[in-house]
Amino acid sequence: MKEATKAPTVANVQHSSNARLTAIRAEIDTTDTELLAILNRRASLSLEVGRIKAGAPGIIFKPLREKEVLDNLVTRNSGPLPEEHLRAIWREILSSSRALQRPQNVAYLGPEGTFSYFAGVEYLGHAAHFRPCNDIAQIFEEVAGGQCELGVVPLENSLQGTVGVSFDLFLKHDVYIQAELFSRISHCLLSNAPSLAQVHTVYSHPQPLAQCGGWLRTHLPGAVLVPVESTAAAAQRASSQENAAAIGHSKLSNIVGIAILARRIEDEPGNWTRFVVIGPRDSRSVRAADPQPTPNPGHTGADKTSLLFTTADKAGALSRVLDLLAENNINMRKLESRPMRGQCWKYVFFADVESDLEDSRYDLLMEELREVCTSFRILGSYPTGPQLDRLDQQDTEGNDA
């Protein structure tokens with residue numbers, strides 16, 4: 001008779017699994033060492049670029065080049081690394097590369113912990129030095145005055161519409177849009193109270209209080225709502241009071257040291273803010289000193305152009321501008337008028353179009369637009385911004401990296 005095959009015991013299976021885990025961890029350690037050497041080699045190249053560019057005009061941040069790098073990597077990625085993870089990793093690598101070439105100050109609407117802060121960090125990376133500003137006007141002043149190389153400015157919200165002061169400040173300061181990004185706005189209720197029943201006061205900026213109005217009426221009908229200057233300031237106040245809460249970004253929990261009582265409390269889930277990264281000069285004006293690969297013949301890689309223009313106060317003036325764009329098959333994504341400061345009933349137009357109007361093929365169109373407009377200014381040509389939807393995510397990572 002044949003001897004019966006013995007089934008593996010639980011102990012044997014566990015021993016085999018442990019042995020395999022030990023081998024995998026050793027392989028991860030070896031791979032990490034190889035990655036470290038490669039990253040340091042890349043850092044050395046960045047330092048060399050910085051030495052070559054030392055003293056040259058222009059800014060280090062090159063969004064068109066960075067988009068090209070990311071898109072090429074995504075195309076070559078065979079997995080299993082998800083695209084979202086790949087882009088997040090390389091944004092930090094690019095951030096380190098810029099900082100190695102030259103320290104980079106970035107102005108934002110502070111204090112630390114606001115949605116502007118987190119949008120800037122996620123897009124520009126942690127290697128940049130972020131400087132908080134008291135208001136949006138100060139961001140423009142810091143960039144225009146050279147104290148900061150870049151600034152992160154909220155331009156419009158999918159629920160509340162445009163941030164009017166941001167548009168108005170482009171009229172006052174000679175700064176340019178270098179890039180854009182779209183950030184998902186998701187709110188949390190932050191409090192050290194043991195339960196919702198113990199919350200008597202809720203602090204936040206007026207916009208989050210309005211965006212979470214339905215949730216607050218349902219879950220905290222008796223709470224006093226107190227508007228403050230920012231979500232970060234609200235979290236600071238709530239952290240020092242027993243029966244208080246704040247509405248803000250989930251990451252404020254770690255910054256301030258306050259618990260999260262509820263997540264995603266906004267009434268409308270489709271709440272996005274469009275931010276733009278502004279710089280002291282037009283990125284195209286320094287491109288000749290730092291030529292970049294052309295992705296397609298006759299095209300620099302920019303997807304959008306923002307315009308600021310005025311027209312004569314007569315019938316058909318604005319229509320002629322729109323006709324010129326239509327005749328050149330240029331799609332307009334946004335058109336908004338803003339009152340001109342100091343001139344009653346005079347308006348300036350802000351527009352976004354889906355073309356790189358700084359490309360030489362549009363030279364004739366630019367001449368025609370300047371002829372029909374009383375003033376005409378390109379605020380920047382830049383790639384379509386990414387949608388950064390990583391807010392308010394639970395930490396689900398295990399101990400093994």
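Side chains included, hydrogens not; waters and symmetry mates left out as well; all remaining heavy atoms used. The structure presented is a predicted model; accordingly, all values stated were derived computationally and were not measured.
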Student: Under 3.5 Å, sequence neighbours excluded: what are the donor-acceptor pairs made by side chains of residues 364-372?
Tutor:
none

Student: Restricting to side chain to side chain contact (heavy atoms under 4.5 Å, CB included), what partner residues turn up for Asn331, sequence neighbours left out?
Tutor: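 Side chain to side chain contact (heavy atoms under 4.5 Å, CB included) check on Asn331 returns Arg333, Glu354.
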Student: Can you name the side-chain hydrogen bond (donor to acceptor under 3.5 Å, both in side chains) partners of Ser95, sequence neighbours left out?
Tutor: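 For Ser95, no residue satisfies side-chain hydrogen bond (donor to acceptor under 3.5 Å, both in side chains) once neighbours in sequence are set aside.
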Student: Indicate the atoms forming the closest heavy-atom contact of Ala302 with Tyr382, along with that distance.
Tutor: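 Heavy atoms only, the tightest pair is CB-N, 3.7 Å.
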Student: What's the spacing between Lys251 NZ and Cys188 SG if we round to 0.5 Å?
Tutor: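 So the gap between those two atoms works out to 11.5 Å.
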Student: Tell me the salt bridge (charged side-chain N to carboxylate O under 4.0 Å, His left out) pairs involving residues 149-163, sequence neighbours left out?
Tutor: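 Residue pairs with at least one partner in residues 149-163: Arg102-Glu149, Glu156-Arg274, Glu156-Lys334.
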Student: Taking side chain to side chain contact (heavy atoms under 4.5 Å, CB included) as the test, write out the residues that go with Asn243, two or more places apart.
Tutor: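 Checked Asn243 against side chain to side chain contact (heavy atoms under 4.5 Å, CB included); matches are Gln198, His200.
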Student: Leu196: what forms a side chain to side chain contact (heavy atoms under 4.5 Å, CB included) with it, not counting sequence neighbours?
Tutor: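 Per chain and number, Leu196 pairs via side chain to side chain contact (heavy atoms under 4.5 Å, CB included) with Leu189, Trp215, His219, Leu220, Leu261.
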Student: Just verifying a value: how many Å separate Thr311 OG1 and Lys346 NZ, rounded to the nearest 0.5 Å?
Tutor: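 It is 9.5 Å, given to the nearest 0.5 Å.
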Student: Taking the side chain as every heavy atom from C-beta outward, state whether Arg338 and Phe350 have any pair of such atoms under 4.5 Å apart.
Tutor: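 No, every pair of side-chain atoms sits at 4.5 Å or beyond.
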Student: For Leu81 and His85, work out which heavy atoms get closest and say how close.
Tutor: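 Taking Leu81 first and His85 second, the nearest heavy atoms are CD1-CB, 3.8 Å.
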Student: Show every donor-acceptor pair shorter than 3.5 Å between a side-chain atom in residues 129-143 and any protein atom, with sequence neighbours excluded, or say none if there are none.
Tutor:
| unit_1 | atom_1 | unit_2 | atom_2 | d |
| --- | --- | --- | --- | --- |
| His129 | ND1 | Asn105 | OD1 | 2.9 |
| Arg131 | NH1 | Gln147 | O | 3.3 |
| Arg131 | NH2 | Glu142 | OE1 | 3.1 |
| Asp135 | OD1 | Ala137 | N | 3.4 |
| Asp135 | OD1 | Gln138 | N | 2.8 |
| Gln138 | OE1 | Asn134 | N | 2.7 |

Student: Using 0.5 Å steps for rounding, measure from the OG1 atom of Thr75 to the CG atom of Leu70.
Tutor: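 It is 10.5 Å, given to the nearest 0.5 Å.
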Student: Kindly write out the residues that satisfy side-chain hydrogen bond (donor to acceptor under 3.5 Å, both in side chains) with Tyr123, not counting sequence neighbours, or none if the list is empty.
Tutor: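 If we apply the side-chain hydrogen bond (donor to acceptor under 3.5 Å, both in side chains) test to Tyr123, skipping adjacent residues, there are no hits.
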Student: Is Glu229 atom CD crowded by more than 12 heavy atoms from other residues, nucleotides or ligands, each under 6.0 Å away?
Tutor: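 Above 12, so yes.
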Student: Should the pair Glu48-Arg51 be classified as a salt bridge under the 4.0 Å nitrogen-to-oxygen rule?
Tutor: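 Here Glu48 does not pair with Arg51 in a salt bridge, since their nearest N and O are not under 4.0 Å apart.
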Student: For Asn271, check side chain to side chain contact (heavy atoms under 4.5 Å, CB included) against everything at least two apart and list the hits.
Tutor: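 For Asn271, the residues satisfying side chain to side chain contact (heavy atoms under 4.5 Å, CB included) (neighbours in sequence not counted) are Asn157, Ser158, Leu159, Ile185, His187, Gln211.
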Student: Dump the intermediate steps for side chain to side chain contact (heavy atoms under 4.5 Å, CB included) on Phe115 and Ser183, then the final yes or no.
Tutor: CA-CA 8 Å; Phe115 282 95; Ser183 182; 5.7 Å; no
Student: Could you tell me whether the side chain of Ser97 and the main chain of Ile93 form a donor-acceptor pair under 3.5 Å?
Tutor: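 A pair under 3.5 Å: no.
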Student: Measuring only between side-chain heavy atoms, which start at C-beta, is Glu242 closer than 4.5 Å to Asn192?
Tutor: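 Answer no - side chains too far apart.
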Student: Measuring only between side-chain heavy atoms, which start at C-beta, is Ser186 closer than 4.5 Å to Ser250?
Tutor: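 No, side chains not in contact.
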Student: For the NE2 atom of His249 and the CG atom of Asn254, what is their distance to the nearest 0.5 Å?
Tutor: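 Atom-to-atom, His249:NE2 and Asn254:CG are 11.0 Å apart.
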Student: Check whether any side-chain heavy atom of Leu322 sits under 4.5 Å from a side-chain heavy atom of Met332, and report yes or no.
Tutor: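 They are in side-chain contact.
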Student: Can you name the salt bridge (Lys or Arg N to Asp or Glu O under 4.0 Å) partners of Arg42, sequence neighbours left out?
Tutor: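 Counting only residues at least two positions away or on another chain, Arg42 forms no salt bridge (Lys or Arg N to Asp or Glu O under 4.0 Å).
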Student: Any side-chain to backbone donor/acceptor pair from Gln104 onto Ala128? Under 3.5 Å, distance only.
Tutor: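 Such a contact is absent between Gln104 side chain and Ala128 backbone.
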Student: Got a donor-acceptor contact below 3.5 angstrom from the Asn77 side chain to the Leu73 backbone?
Tutor: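 No; judged by distance alone, with no hydrogens or angles, the pair does not exist.
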Student: Can Thr305 and Ser355 be said to form a side chain to side chain contact (heavy atoms under 4.5 Å, CB included), step by step?
Tutor: CA-CA 6 Å; Thr305 299; Ser355 288; 5.5 Å; no
Student: List the steps and the verdict of side chain to side chain contact (heavy atoms under 4.5 Å, CB included) for Ile330 and Tyr362.
Tutor: CA-CA 11 Å; Ile330 294 173; Tyr362 292 118; 3.8 Å; yes
Student: Between Asp174 and Arg377, does at least one N-O distance fall below 4.0 Å, as a salt bridge requires?
Tutor: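 Yes, charged N to carboxylate O under 4.0 Å.
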Student: Check whether any side-chain heavy atom of Ile255 sits under 4.5 Å from a side-chain heavy atom of Phe118, and report yes or no.
Tutor: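 A side-chain contact under 4.5 Å exists here.
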Student: Answer with yes or no whether the side chains of Glu336 and Thr162 bring together a donor and an acceptor at under 3.5 Å.
Tutor: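 Short answer, yes.
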Student: Among Gln236, Arg237, Gln241, whose side chain to side chain donor-acceptor pair (under 3.5 Å) with Tyr203 holds?
Tutor: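 Among the candidates, only Gln241 passes.
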Student: Hey, is the main chain of Leu109 close enough, under 3.5 Å, to the side chain of Thr114 for a donor-acceptor pair?
Tutor: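 Answer holds: yes.
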Student: Where is the tightest heavy-atom contact between Ser191 and Val199, given as atom of each residue plus distance?
Tutor: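 Smallest heavy-atom distance, with atoms named: OG-CG2, 4.0 Å.
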Student: How close do Pro111 and Ala233 get, counting heavy atoms only, and between which atoms?
Tutor: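 Heavy atoms of Pro111 and Ala233 come nearest at CG-N, 4.4 Å.
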Student: For Ala351 versus Leu335, what's the shortest heavy-atom pair and its separation?
Tutor: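 What the structure gives for the nearest pair is CB-CD1, 4.1 Å.
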Student: Can you give each donor-acceptor pair under 3.5 Å made by side-chain atoms of residues 312-320, sequence neighbours left out, with the distance rounded to 0.1 Å?
Tutor:
| unit_1 | atom_1 | unit_2 | atom_2 | d |
| --- | --- | --- | --- | --- |
| Arg320 | NH1 | Glu327 | OE2 | 3.4 |

Student: How about Leu190 and Val256: do any of their side-chain heavy atoms sit closer than 4.5 Å?
Tutor: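 When only atoms from C-beta onward are counted, Val256 and Leu190 do not touch, as no gap falls below 4.5 Å.
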Student: With sequence neighbours excluded, tell me which residues meet side-chain hydrogen bond (donor to acceptor under 3.5 Å, both in side chains) with Thr310.
Tutor: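 By the side-chain hydrogen bond (donor to acceptor under 3.5 Å, both in side chains) rule, Thr310 matches Thr374, Ser375.
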Student: Is a donor on one side and an acceptor on the other found under 3.5 Å between the side chain of Ser96 and the backbone of Glu92?
Tutor: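 Here the side-chain-to-backbone pair does not exist.
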Student: Are the side chains of Pro208 and Thr231 in touch, meaning some heavy atoms are under 4.5 Å apart?
Tutor: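 Counting from C-beta outward, Pro208 and Thr231 do come under 4.5 Å.
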Student: To check you understand the geometry: which heavy-atom pair defines the closest contact between Leu124 and Val152, and what is its length?
Tutor: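 Residues Leu124 and Val152, closest heavy atoms: CD1-CG2, 4.1 Å.
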Student: Where do Phe170 and Val153 land on the side chain to side chain contact (heavy atoms under 4.5 Å, CB included) test, with the steps shown first?
Tutor: CA-CA 11 Å; Phe170 278 108; Val153 177; 5.8 Å; no
Student: Quick one: do Glu83 and Arg87 satisfy salt bridge (charged side-chain N to carboxylate O under 4.0 Å, His left out)? Show the steps, please.
Tutor: CA-CA 6 Å; Glu83 178 182 337; Arg87 289 184 179 274; 2.9 Å; yes
